[in-house]
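Have a look at the structure below, then the notes.
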Amino acid sequence: MILEGIEMLADADSLFEKRVVQLNSRPVDGGGDCIVYWMQRSQRAYGNLALKYAAGVANHLQKPLLVYFGLYDRYPMGSARAFRFMLEGLKETAAALGEHGVGFVFRREQPWVGVVSLAEQVRACAVVVDEDYLKTGRVWRSSAAERLRMRCVQVDADTIVPARNTPKEEWGAYTLRPKILKVLQDYLIDIPDTWPQRPFEAHVDSWRDITCEDPAALASSLDVEQKVAPVEWARGGHSKAVSRLNSFIDNKLPDYAQERNEIGVDCTSGLSPYLHFGQISPLEAALAVSGSDAPDESVDAFLEQLIVRRELAINFCLYNDKYDSLDGAPQWARETLERHRSDPRPEVYSLQELERAQTHDELWNAAQTELVSAGRIHGYMRMLWAKKLLEWSESPEDALARALFLNDKYALDGRDPNGYANIAWCIYGKHDRPFPSRPVFGRIRYMSTAAAKRKMRWQDYVSRVQKLNKNPLKSLHGADQNR
DNA sequence: ATCGGCTCGCGCAA
DNA sequence: TGCGCGAAGCCGAT
């Protein structure tokens, strides 16, 4: 029996319009036993459109729902820091799914292989997967979809306005913004969760080989960079994301418009690790912020970051395969960087000097120290940080490679579209316009440490970072000398 | 303290 | 085809 339940759901429910992509042309196996949702990026039980879609299909076919997560610890630049955060989130997610009658299978394996064997084992009718907008995950999904003997569909579950609402790569924020604002009110609505009517009752114990009951122990046992240690300021999980969101709204949002660029105080939300691992839905955050009584100016400034800039980054990665290469640069930027390729660099640091925050520039060193010890950099400082990498590297290619390496290695939100777009903006003018030419940078927008110091209470930033670092980082000085 | 110029190309209006 | 405008830039002039 072949059922078209998946198409019916996508057509009937406008919530899924432009979000669903069919990854293979195999039939939905109506004679199967369950629906499998392969959780990849959207690692949450609430506000998850991929989960909602899978539950809708399950209910349509009157089958139970099983969530699969494959833990792949050979992920490039994996660290104990990132894994513990992720596992803390998965522990909460597994518990929440269980309360709603959804099975959860957690295995340590290559997920794109594991999902295929699990789908056979549990006789899946169809497989639903969420979308991470990046190349690696795209390859994983298409490789699995090719081998699956049943229908596999992908759901864009981590945008507010669907990424495919715009069908091509955008030139800049100013081209995407009006397209988003035009339809935004239709998307800023509460979407109730859907749970399967039939609980998953089969024994899942025999299908899993690990548990996420003890995230710290599991993270420390993995074959990943253990010297990049977990951080204490951000523990993973949807509940932690929600309390961080609420305290941000109460304490920082009112001043966000004025203070977000003042590095002397930390007025940022700190939500990006949670958004990166899909531990909170961007819609949940946007609704909470727009419903707050903070000044409109602040609400708008935050929604600009959360929606316009974040979805511009997703648009970049989705439509431009070269998002992690200089080839992703606009023509004018490539030309200007080429023209200035052999300009003398006043300072060139080795990767090791950079990684250890040993430059002549104490403000830059503070940003690098914040990255290594906290797994984040203040938004404004991150721009200056990457701009200086362009100035202090032998070539733009080196600068880009070092920025991506350091960000992916240490940041809790590494390997995210936001990071790729940010670094591309800084180093090769992506989504930016040209500026008067200067050495090394050419027409790429320049930023100076001196100006930052003039404008901001930079000593407050430096001393805040020093406090972070008072428990001197093993990871700072014992940093791996790889590469 | 504020302002314009720098410089390119998209995308809309005409 | 013309024209407004853009992530947070810098710099010099008023």
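Computed from a predicted model, the values in this text were never measured in an experiment. Order of the sequence lines fixes the chain letters, A, B, ..., with proteins taken first and strands second; residue numbering starts at 1 for each chain.
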Any side-chain heavy atom of [X] sitting closer than 4.5 Å to one from [Y]?
{"X": "A:V228", "Y": "A:K409", "result": "yes"}
{"X": "A:P282", "Y": "A:T159", "result": "no"}
{"X": "A:Y174", "Y": "A:R433", "result": "no"}
{"X": "A:F69", "Y": "A:T93", "result": "no"}
{"X": "A:W364", "Y": "A:E391", "result": "no"}
{"X": "A:R445", "Y": "A:W425", "result": "yes"}
{"X": "A:I280", "Y": "A:R44", "result": "no"}
{"X": "A:D343", "Y": "A:R345", "result": "yes"}

Rounding to an integer number of Å, can you tell me how far [X] [atom1] sits from [N] [atom2]?
{"X": "A:E391", "N": "C:dC10", "atom1": "CD", "atom2": "C1'", "value": "13 Å"}
{"X": "A:M447", "N": "C:dA7", "atom1": "CE", "atom2": "C1'", "value": "9 Å"}
{"X": "A:Y380", "N": "C:dG9", "atom1": "OH", "atom2": "C1'", "value": "8 Å"}
{"X": "A:I307", "N": "C:dA7", "atom1": "CD1", "atom2": "P", "value": "16 Å"}
{"X": "A:H431", "N": "C:dG6", "atom1": "NE2", "atom2": "C1'", "value": "12 Å"}
{"X": "A:K387", "N": "C:dG9", "atom1": "NZ", "atom2": "P", "value": "11 Å"}
{"X": "A:R309", "N": "C:dG6", "atom1": "CZ", "atom2": "P", "value": "12 Å"}
{"X": "A:D432", "N": "C:dA8", "atom1": "CG", "atom2": "C1'", "value": "10 Å"}

Discussion item. Using a 6.0 Å cut-off, check whether atom CZ of A:R457 has over 12 heavy atoms from anything other than its own residue.
Written reply: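 Yes, the 6.0 Å shell around CZ holds more than 12 heavy atoms from other groups.
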
Worksheet item: If you count the non-hydrogen atoms of other residues, nucleotides and ligands that lie under 6.0 Å from CD in A:E397, is the total more than 12?
Response: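 Enclosed: over 12 neighbouring heavy atoms sit under 6.0 Å from CD of A:E397.
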
Worksheet item: Base, sugar-phosphate, or nothing for A:R177, non-hydrogen atoms under 4.0 angstrom?
Response: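 Sugar-phosphate: the residue A:R177, judged by heavy atoms under 4.0 Å, touches backbone atoms but no base.
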
Worksheet item: Is any side-chain N of the basic residue among A:E169 and A:K430 closer than 4.0 Å to the acidic one's carboxylate O?
Response: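 A salt bridge links A:E169 with A:K430.
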
Discussion item. Taking only side-chain N and O atoms of A:R445, does any of them lie within less than 4.0 angstrom of OP1 or OP2 on C:dA8?
Written reply: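 Yes, because at least one side-chain N or O of A:R445 sits under 4.0 Å from OP1 or OP2 of C:dA8.
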
Discussion item. Under a 3.5 Å threshold, yes or no: a donor from one side chain and an acceptor from the other, between A:S272 and A:R310?
Written reply: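 Absent: no donor and acceptor within the cut-off.
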
Using the [atom1] atom as the reference point in each nucleotide, state the distance between [N] and [M] in Å, no decimals.
{"N": "C:dC5", "M": "B:dA14", "atom1": "P", "result": "14 Å"}
{"N": "B:dG4", "M": "C:dG4", "atom1": "P", "result": "14 Å"}
{"N": "B:dC12", "M": "C:dA7", "atom1": "P", "result": "16 Å"}

Kindly list each side-chain donor-acceptor pair under 3.5 angstrom involving residues 128-139 of chain A, sequence neighbours excluded, with atom names and distances?
from   : atom 1 : to     : atom 2 : distance (Å)
A:D130 : OD1    : A:Q40  : N      : 3.2
A:D130 : OD1    : A:R41  : N      : 2.7
A:D130 : OD2    : A:Y37  : OH     : 2.4
A:D130 : OD2    : A:Q40  : N      : 3.0
A:D130 : OD2    : A:S42  : N      : 3.3
A:E131 : OE1    : A:R164 : NH1    : 3.1
A:E131 : OE2    : A:Q154 : NE2    : 3.2
A:E131 : OE2    : A:R164 : NH2    : 2.7
A:D132 : OD1    : A:L134 : N      : 3.2
A:D132 : OD1    : A:R141 : NH1    : 2.9
A:Y133 : OH     : A:D156 : OD1    : 2.4
A:Y133 : OH     : A:D158 : N      : 3.1
A:K135 : NZ     : A:D321 : O      : 2.7
A:K135 : NZ     : A:D324 : OD1    : 2.9
A:K135 : NZ     : A:D324 : OD2    : 3.4
A:R138 : NH1    : A:D321 : OD1    : 3.0
A:R138 : NH2    : A:Y133 : O      : 3.2
A:R138 : NH2    : A:C317 : O      : 3.1

Worksheet item: Reading nucleotides 7-14 of chain B 5' to 3', which nucleotides get B (base under 4.0 Å from a protein heavy atom), which S (sugar-phosphate only), which -?
Response: BBBBS---

Worksheet item: Looking at A:F435 versus A:F441, is the centre-to-centre ring distance below 6.0 Å?
Response: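 So the answer is no for these two rings.
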
Practice prompt. Check the pair A:Q258 / A:E297 against side chain to side chain donor-acceptor pair (under 3.5 Å), numbers first and verdict last.
Written response: CA-CA 9 Å; A:Q258 282 73 39; A:E297 205 191 350; 3.3 Å; yes

Worksheet entry | Distance under 6.0 Å and angle within 45° of ring axis: A:R376 vs A:W233 |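 Verdict for A:W233: a cation-pi partner in A:R376.
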
Practice prompt. May I ask you to list the residues of residues 252-266 of chain A, by number, that have any heavy atom positioned under 4.0 Å from an atom of DNA chain C?
Written response: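 Only A:R260, A:N261 qualify.
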
Practice prompt. Test A:R177 against A:L312 for side chain to side chain contact (heavy atoms under 4.5 Å, CB included), laying out the working first.
Written response: CA-CA 9 Å; A:R177 190 176 298 111; A:L312 179 64; over 6 Å; no

Worksheet item: Where along residues 452-463 of chain A does a heavy atom fall under 4.0 Å from DNA chain B?
Response: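 Nothing qualifies; none.
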
Worksheet entry | DNA chain B contacts among residues 413-427 of chain A, heavy-atom distance under 4.0 Å |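 Per residue number, the list is empty: none.
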
Practice prompt. Could you provide the dot-bracket string of DNA chain C, using ( ) for intrastrand pairs, [ ] for crossing pairs and | for bases paired to another strand, with Watson-Crick or G-U pairs below 3.5 Å?
Written response: ||||||..||||||

